[in-house]
Amino acid sequence: MSRTFVIVGAGQAGAIAVETLRREGFDGRLILIGDEPSLPYQRPPLSKKYLAGEMEADRLLFRHAAYYQEHRIETRLGLHARALDPAARRLDLSNGESLTYDRLLLTTGTRARMLSCAGADLGRVHGLRNIADVNEIRPQLKPKARVVIVGGGYIGLETAASARKAGCEVTILEMADRAMNRVVAPLVSDFYMAEHRAHGVKIICNTLVSCLEGGDSVERVACADGTAYEADVVIVGVGAIPNAELARDAGIACENGVRVDEYCRTSDPNVFAAGDCCSHPSPHYGRRLRLESVDNAVEQARTAALNMLDKPTVHDKIPWFWSDQYDLKLLIVGVSQDHDRIVLRGDPATRSFSVCYLKGSELLAVDTINHAKDYMAARKPIAERMPMNAQKLADITVPLKEAVAG
Ligand SMILES: Cc1cc2nc3c(=O)[nH]c(=O)nc-3n(C[C@H](O)[C@H](O)[C@H](O)COP(=O)(O)OP(=O)(O)OC[C@H]3O[C@@H](n4cnc5c(N)ncnc54)[C@H](O)[C@@H]3O)c2cc1C
């Protein structure tokens, strides 16, 4: 008898999951539900080329409508999955429709965390998560417009670079003592802050926003230390919240998002999850991770699709991530948490260098800046836990793969 698989969330992971299911021979009914009006599209350009007006909306799409028709993928767009009954294997949609499924995949992603202070709901205060956000922001990025970005994470920094390209006056307000403090070593933060300052961006650290002021729209951002910044537009980049409520309200276990095992299965045997919305065990790092990256969404969606088809597959990948700012490509491979020392390869002044994160002699992760060679070479020693020779590692003339100890 024909089976029905339903995917909730038509983003990066949802798009890969439906493709994988069809490629792997799933011949039953396949339904992809998304609450945005668009077919699945790439998010990374939203803070980069699309925000800078260098890319058309059509080019954001992974696939055009014809692909979904040809592959008998029913796309239900602009519909929110609002309730789930795992015992009855039933999903209720915002238009009153109910669907029954044999297997369900949650790829609901995250939403932008917004400020909770007074004035947070004024006009011209935006998160940056989807096309609709950028379509509102883009016309406001006029030359000389005063753009205040709250949060110096990678989205805040990429947005700053795009706004500078548009000729805006940009200020970043960061609560911590440095930008990208959650993901990179201080010397990488210092390098990026210096680059942004050289491009005319003001970066103010150790600053807590206390309220936003204005009439209907924001005019000023006030901080707890008594400083204030005039603003024509405010963009909030202070992190993301996993969309896990559908699972949680259905009694499915959640822990920093939807909790899945190494097969991407939730606490309900017929419900799987993949991408930004879920936390998973990493056998390699021996901890649970919730990652927000294209690579993770793609790999987990593939793994989830295979397991939905009863082809047992473990998700145990070394994650990677990229960020583009100005002419700088940051590539990060691995997870640096738990490192006990850092080795610098190369000279930041050349704008091409790497930073290696070690625990003892084990390489946990590498950040490469305009130095993709190290990014490629680092995967094997990280995955195979090869002991490294820190002295050789510090010598940029020694290829990274030859810095293995012994
Ligand atoms: C501005 C920006 C820049 C980025 N840049 C990079 C980068 O340079 N490199 C990188 O590796 N990663 C980057 N990322 C992260 C990357 O885009 C995400 O990790 C990836 O999109 C996650 O895929 P996903 O499918 O899990 O979630 P998403 O792509 O977010 O898709 C989830 C979808 O599910 C929908 N949804 C949620 N709940 C429901 C519901 N109940 N019913 C129906 N639909 C629902 C959401 O509206 C959304 O459309 C960036 C993200 C952003 C926002």
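Remember, it's a predicted structure, so these values are computed and weren't measured experimentally. Quick note: numbers below take in every heavy atom, side chains included, and nothing from hydrogens, waters or symmetry partners. Numbering of ligands and ligand atoms starts at 1, following listing order.
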Closer than 4.0 Å to some heavy atom of [X] - which atoms of ligand 1 meet that?
{"X": "Ala297", "result": "22 (C), 23 (O)"}
{"X": "Ser293", "result": "11 (O), 12 (N), 19 (O)"}
{"X": "Val8", "result": "40 (C), 42 (N), 43 (C)"}
{"X": "Gly275", "result": "26 (O)"}
{"X": "Glu36", "result": "47 (O), 48 (C), 49 (O)"}
{"X": "Thr107", "result": "32 (C), 33 (C), 34 (O)"}
{"X": "Asn243", "result": "37 (C)"}

Worksheet item: Is there a donor-acceptor contact under 3.5 Å linking the side chains of Arg129 and Thr110?
Response: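 Indeed, the side chains of Arg129 and Thr110 share at least one donor-acceptor pair under 3.5 Å.
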Practice prompt. Go through the side-chain N and O atoms of Ser354 and Asp374 and say whether any donor and acceptor fall under 3.5 Å apart.
Written response: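 The answer is yes; a qualifying pair exists.
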Any non-hydrogen atom of [X] lying under 4.0 Å from ligand 1?
{"X": "Glu245", "result": "no"}
{"X": "Tyr154", "result": "yes"}
{"X": "Leu79", "result": "yes"}

Worksheet item: Aromatic rings Tyr357 and His339: how do their planes relate, parallel, tilted or perpendicular, breaks at 30° and 60°?
Response: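 Rings of Tyr357 and His339: perpendicular, as their planes differ by over 60°.
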Worksheet item: How are the rings of His280 and His315 set to each other: parallel, tilted or perpendicular (split at 30° and 60°)?
Response: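 Rings of His280 and His315: perpendicular, as their planes differ by over 60°.
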What protein heavy atom sits nearest [atom], and how far away is it?
{"atom": "atom 19 (O) of ligand 1", "value": "Asp276 OD1, 2.8 Å"}
{"atom": "atom 44 (N) of ligand 1", "value": "Asp35 N, 3.1 Å"}
{"atom": "atom 11 (O) of ligand 1", "value": "Val294 N, 3.0 Å"}
{"atom": "atom 8 (O) of ligand 1", "value": "Lys48 NZ, 2.6 Å"}
{"atom": "atom 52 (C) of ligand 1", "value": "Ile155 CD1, 3.7 Å"}
{"atom": "atom 10 (C) of ligand 1", "value": "Phe321 CE1, 3.4 Å"}
{"atom": "atom 37 (C) of ligand 1", "value": "Thr108 O, 3.1 Å"}
{"atom": "atom 27 (O) of ligand 1", "value": "Gly109 CA, 3.3 Å"}

Discussion item. Atom NZ of residue position Lys49 - does it have more than 12 heavy atoms of other residues, nucleotides or ligands inside 6.0 Å?
Written reply: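 Counting other residues, nucleotides and ligands, NZ of Lys49 stays at 12 neighbours or fewer.
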Worksheet item: Just wondering, more than 12 heavy atoms not from Met175 lying within 6.0 Å of its CE?
Response: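 For Met175, atom CE is not crowded (no more than 12 foreign heavy atoms under 6.0 Å).
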May I ask you to decide whether [X] forms a salt bridge with [Y], counting only side-chain N to carboxylate O separations under 4.0 Å?
{"X": "Asp310", "Y": "Arg103", "answer": "yes"}
{"X": "Lys317", "Y": "Asp295", "answer": "no"}
{"X": "Asp232", "Y": "Lys142", "answer": "no"}
{"X": "Asp102", "Y": "Arg89", "answer": "yes"}
{"X": "Arg111", "Y": "Glu245", "answer": "yes"}
{"X": "Glu402", "Y": "Lys392", "answer": "no"}

Backbone or side-chain N or O of [X] under 3.5 Å from ligand 1 N or O:
{"X": "Arg129", "answer": "yes"}
{"X": "Gly34", "answer": "no"}
{"X": "Ala274", "answer": "no"}
{"X": "Gln12", "answer": "yes"}

Practice prompt. Decide whether a cation-pi geometry holds between Arg22 and Tyr68; the criteria are a distance under 6.0 Å from NZ or CZ to the six-membered ring centre and an angle within 45° of the ring axis.
Written response: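 No, cation not above the ring by the 6.0 Å, 45° rule.
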